[in-house]
Each structure stands twice: as structure tokens, then as C-alpha cells.
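One structure is given here, and the rest of the page talks about it.
Note that the structure is a prediction, hence the values are computed from the model and not measured.
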Amino acid sequence: MQNIVQTLLSYSLKMPVGKAAIIAVLGILIVFSVLAVLVGILTLFKLIFGKLEERDAAKAAKAPFVAASAAPSDSDEEEVVAAIAAALACMQETQEIRAPFRVKSIREIK
């Protein structure tokens, strides 16, 4: 065991500084060239899928547009309150209401 440790400690890699610098520069060039290729591929995806989105937007522009109301009406808010109350009642096990489903979480849909 001591012989192996002594061999490892006495071993030194004799490489000229110029050759080490060339290897380091080549490594850096390879990394940045691969990054440049990835950027090019992503740019192509953006061009291809951007044209598809423009085409879909043009089709959507031709379709009739129905404007949604700017403010929710009181009846909408009452329906939301009723739905939340029903979900909370289903979540509480003290209630006698049994639903074929179980509510695990409630979150707002945007």
C-alpha cells in the first residue's frame, strides 16, 4: 500500500505549458461551438414555430370575435361562492354529504 502511495505522489505529468494551453483553448472552443449550435437550433425552432403561430393568429383574426364582459356580474360571484361552499362542505367529513369524488385542493383558474 505504501508503495502505491509513494508511486502516486512521485508521479508528475510533464507537459509543456504551450501544449497545455492549446488543449485548454481547444476545450473552450468546443464548448462554445456546441453552445452556438444549440442557439442556432433554438433560433430555427423560433422561426418555424413563429410562422405557425402567425398562421394560427391570422385564422383566429378571421373568426368572429365575441367580447367578454369586462366586470363579472353579481350572479357570477354568487355561483363562485356557491361552488366554493359546496366544495368545502364535501371536504369536511362531519357533513352527511357524500360525493362520488373527493376535493383535494381548491385553486383559482385564470
Margin query: Going by side-chain contact (heavy atoms from CB on, under 4.5 Å), name the residues that satisfy it together with Ile41, two or more places apart in sequence or in a different chain.
Written below: Val37, Phe45
Next item on the list: Could you grab the distance from atom CG of Leu47 to atom CG of Leu42, nearest 0.5 Å is fine?
Entry: 11.0 Å
Next item on the list: Give a yes or no on whether Ile28 and Val25 share a hydrophobic cluster (residues Ile, Leu, Val, Met, Phe, Trp, Tyr; joining criterion: side-chain heavy atoms under 4.5 Å apart).
Entry: no
Notebook entry, point to check: Who else is in Leu44's hydrophobic cluster (ILVMFWY, side-chain heavy atoms under 4.5 Å, direct or via others)?
Noted result: none
Notebook entry, point to check: With ILVMFWY side chains joined below 4.5 Å, transitively, what does Leu26's cluster contain besides itself?
Noted result: Ile22
